[in-house]
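Accompanying notes for the structure given below.
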Amino acid sequence: MHVDLDAFFAAVEEKNHPEYVGKPIIVGADPKQGKGRGVVSTCNYVAREFGVRSAMPISRAWRLCPHGVYLPVNYELYEQVSTRIMSILRKYADRFEQVGIDEAFLEISQKASSFEEAERIAREIKSAIRDSEGLTCSVGIGPNKLVAKIASDYRKPDGLTVVREDSMKHFLHPLSVEKIWGIGKKTKERLNSMGIRTIGDLSSCDVARLRKQFGSLGEEFHRMSQGIDESDVLEESPPKSFSREHTFQEDTSDKSQIQSTINDLCTDVASQVSRNGFLFRTVTIKIRYEDFETHTRSRTLPFATSNPESLKVTAARLFDPFLPENKRIRLLGVRASSLTKKTKQRILEI
DNA sequence: TCTGGGGTCCTAGGACCC
DNA sequence: TCTGGGGTCCTAGGACCC
């Protein structure tokens, strides 16, 4: 089973502000009368009627819907609501896998002996979330994660879609290839140019042709187009990296602003690493110029540390050759990876 | 249209080791 | 003189997800 909370950020805001009900709500960057930088994080269904979508530039949303209610992202609040909902969902699952803040997979093969039983559980989950938080979700039930996820997306909001093994092909074949997890804008375009538009087209395509174009990923696409997915519902796995990045309100070449931003990013990342009890070895910096040209540079240290000074020194060295350009800078980022769990005692190697 | 922020995974090439 | 084969680690970029 896949459970997806409907327009989650916007729905939480709507719940907390009854005066917004019925109005278009757009959660994301500050629109600044159409001059704002950044994107729409989530919008409610009223806003969608105006053509507003997630990930759309906020300036475009402003043009489409100037009278909408624009709100900043209140991540702490959504996190609290999410935590409560996830603990409800967990109770219904043999195994549970949270995906992001607003989605989860539930392995329910033991708790439900049939698809009818699964559907009953889904209805119970939907009313539990409605009763406790006043929010709706869309649920998909299928023979595997792939099909369940596509099914939850099939009817929204407040949907419930059950796809049994015998109707899987019927369900999948007419859908756009983009519905398959891992096929985004670029891959969709490449597939379209090969004459492949629907999942049905993909399934009838020769595997060798897909292999030639996409390598082993092509074989995986072909398997998924048949509804084949062996992946397990996995409980939480440890993080692989911590990062922070910042896009300036206005592109800048001001040295002191750049320096203090790098410093702040490093301080934040180092404290995140420590707070979570990790040490890092690899430092990656990211820089994006005004023309959107983007570079990353990384360096792996011979030792693991959580010292913010080590991060700052390494990051400064990596940034150095990118700073004196005559181009202005749009974004700076810092990432720490190659993480190891900090142990109580570390052995000093001589 | 003018493009956030926090992540994961994959690929390809190169260095290096046995 | 013209160069194997297997493996690991590192780096840069890109696609994708929420």
Side-chain angles (χ1 to χ4, degrees), chain A residues 2-9 26-31 34-42 51-65 72-73 75 78-79 82 97-105 145-146 149 152-153 177-191 213-221 224 231 234 236-249 251 265 268-269 272-273 276 281-302 318 322 330-339:
Chain A
H2 182 254
V3 179
D4 191 345
L5 300 167
D6 298 319
F8 182 53
F9 296 178
I26 296 128
V27 180
D30 184 347
K35 297 189 181 350
R37 200 164 237 197
V39 298
V40 174
S41 191
T42 319
V52 180
R53 295 286 181 277
S54 289
M56 173 183 280
I58 200 79
S59 54
R60 184 164 180 225
W62 180 264
R63 251 170 281 134
L64 291 167
C65 191
V73 179
Y75 207 81
Y78 314 146
E79 192 102 72
S82 167
E97 178 179 349
Q98 187 175 339
V99 183
I101 195 167
D102 63 348
E103 286 182 23
F105 287 104
K145 286 168 78 177
L146 170 80
K149 171 130 171 89
S152 75
D153 186 59
V177 286
E178 243 180 328
K179 296 286 173 186
I180 285 182
W181 204 90
I183 297 183
K185 195 168 172 280
K186 300 278 179 181
T187 308
K188 183 201 167 161
E189 276 165 18
R190 282 174 69 192
L191 286 166
Q213 275 294 317
F214 302 99
S216 59
L217 215 55
E219 290 176 53
E220 184 59 21
F221 292 157
M224 289 195 286
S231 68
L234 298 172
E236 193 183 3
S237 51
K240 298 210 159 59
S241 69
F242 294 102
S243 71
R244 286 272 291 148
E245 59 184 60
H246 177 72
T247 297
F248 293 108
Q249 292 291 341
D251 302 335
L265 294 171
D268 279 12
V269 170
Q272 255 197 105
V273 172
N276 289 281
R281 269 208 321 130
T282 303
V283 178
T284 304
I285 60 103
K286 178 168 162 183
I287 186 161
R288 174 171 291 153
Y289 295 109
E290 54 188 325
D291 61 1
F292 231 71
E293 186 186 296
T294 306
H295 297 279
T296 61
R297 283 293 178 276
S298 65
R299 189 179 142 77
T300 301
L301 302 172
L318 290 168
F322 290 96
R330 182 186 178 92
L331 169 149
L332 295 170
V334 173
R335 172 192 310 273
S337 58
S338 306
L339 303 176

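Each chain gets a letter, A, B and so on, in the order its sequence line appears, and its residues count up from 1. Scope of the values below: all heavy atoms of this structure, side chains included, with no hydrogens, waters or symmetry mates.
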Between A/R330 and B/dT3, is there a contact of a side-chain N or O with OP1 or OP2 at under 4.0 Å? yes
Examine distances only and state if a side-chain atom of A/R281 and a backbone atom of A/L301 form a donor-acceptor pair shorter than 3.5 Å. yes
Contact under 4.0 Å: A/H246 side-chain N or O vs B/dG4 OP1/OP2: no
Distance in angstrom units between A/L339 CG and B/dG6 P, rounded: 15 Å
Could you measure between the two C1' atoms, the one in B/dC17 and the one in C/dG4, and give it in whole Å? 14 Å
Within this structure, what is the CD-to-C1' distance between A/Q98 and C/dC17, rounded to whole angstrom? 14 Å
Stacking between B/dT3 and A/F292, yes or no? Criterion: centroid separation under 5.5 angstrom, plane angle under 30 degrees. yes
Which whole-number value in Å describes the distance from A/E220 CD to B/dC9 C1'? 12 Å
Select from A/P238 and A/R60 the residue whose nearest nucleotide in DNA chain B is closer to the 5' end of that strand. A/R60
Return no unless some side-chain N or O of A/R281 is found under 4.0 Å from OP1 or OP2 of C/dT11. no
Restricting to non-hydrogen atoms, name the atom on A/W181 and the atom on A/L146 that form the minimum distance, rounded to 0.1 Å. N-CD1, 4.5 Å
Would you say A/T296 places a side-chain N or O within less than 4.0 Å of OP1 or OP2 belonging to C/dG13? yes
Value in whole Å for how far the P atom of C/dG14 lies from CZ of A/F214: 17 Å
Distance below 4.0 Å between A/K240 side-chain N/O and B/dC9 OP1 or OP2: yes
Could you check whether A/S216 gets within reach of a base, just the sugar-phosphate, or nothing at all, counting any heavy atom under 4.0 Å? sugar-phosphate
Does A/K286 have a side-chain nitrogen or oxygen under 4.0 Å from the phosphate oxygens OP1 or OP2 of B/dG7? no
Would A/S54 and A/T42 count as having a side-chain donor-acceptor pair, cut-off 3.5 Å? no
What heavy-atom pair brings A/L332 and A/L265 nearest, and what distance separates the two atoms? O-CD1, 3.6 Å
Closest non-hydrogen atom pair, A/P72 against A/Y78: O-OH, 3.7 Å
A/T247 side chain near B/dT3 phosphate (N/O to OP1/OP2, under 4.0 Å): no
Is the NZ or CZ atom of A/R288 positioned over A/F292's six-membered ring, under 6.0 angstrom from the centre and within 45° of the axis? yes
Please tell me if A/R288 has a side-chain N or O lying less than 4.0 Å from either OP1 or OP2 of B/dG4. yes
For a quick test of reading the model: is some side-chain N or O of A/R297 closer than 4.0 Å to OP1 or OP2 of C/dA12? yes
Would you say A/T284 places a side-chain N or O within less than 4.0 Å of OP1 or OP2 belonging to C/dA12? no
Judged by atom type as modelled, is there a donor-acceptor pair below 3.5 Å linking the side chain of A/S82 to the main-chain atoms of A/I101? yes
Whole angstrom is fine here: how far is it from CD1 in A/I101 over to P in B/dG7? 13 Å
Over how many whole Å does the gap from A/K179 atom NZ to C/dC17 atom P extend? 11 Å
Would you say A/T300 places a side-chain N or O within less than 4.0 Å of OP1 or OP2 belonging to C/dT11? yes
Ignoring the backbone of A/L331, work out which of C/dC18, B/dG5, B/dT8 is nearest its side chain. B/dG5
Regarding A/I58, tell me which of base, sugar-phosphate or nothing describes its non-hydrogen contacts under 4.0 Å with the strands shown. nothing
Please determine if a side-chain N or O atom of A/R335 lies less than 4.0 Å away from the OP1 or OP2 oxygen of B/dG5. no
Minimum-distance nucleotide to A/R244 side chain [options: B/dG6, C/dC16, C/dA12]: B/dG6
By nearest-nucleotide position on DNA chain B, the 5'-leaning member of A/K35 and A/G215 is A/K35
Got a donor-acceptor contact below 3.5 angstrom from the A/R190 side chain to the A/Q213 backbone? yes
Reading 5' to 3' and counting Watson-Crick or G-U wobble pairs with both distances under 3.5 Å, write the dot-bracket notation for DNA chain C, | for bases paired outside the strand. ....||||||||||||||
Students often get this wrong, so: under 4.0 angstrom with heavy atoms, is A/L217 touching a base, only sugar-phosphate, or nothing? nothing
Of the nucleotides C/dC17, B/dG4, C/dA12, which one has an atom closest to the side chain of A/S298? C/dA12
Salt bridge or not between A/K145 and A/E97? Use side-chain N to carboxylate O under 4.0 Å. yes
Euclidean distance, atom CG of residue A/N276 to atom C1' of B/dG7 [Å, nearest integer]: 14 Å
Heavy atoms only, 4.0 Å cut-off, all strands: where does A/T187 land among base, sugar-phosphate and nothing? sugar-phosphate
Rounded to whole Å, how long is the line connecting atom CD of A/Q272 with atom P of B/dG5? 14 Å
Shortest non-hydrogen pair, A/S241 vs A/L339, comes out as N-CD1, 3.6 Å
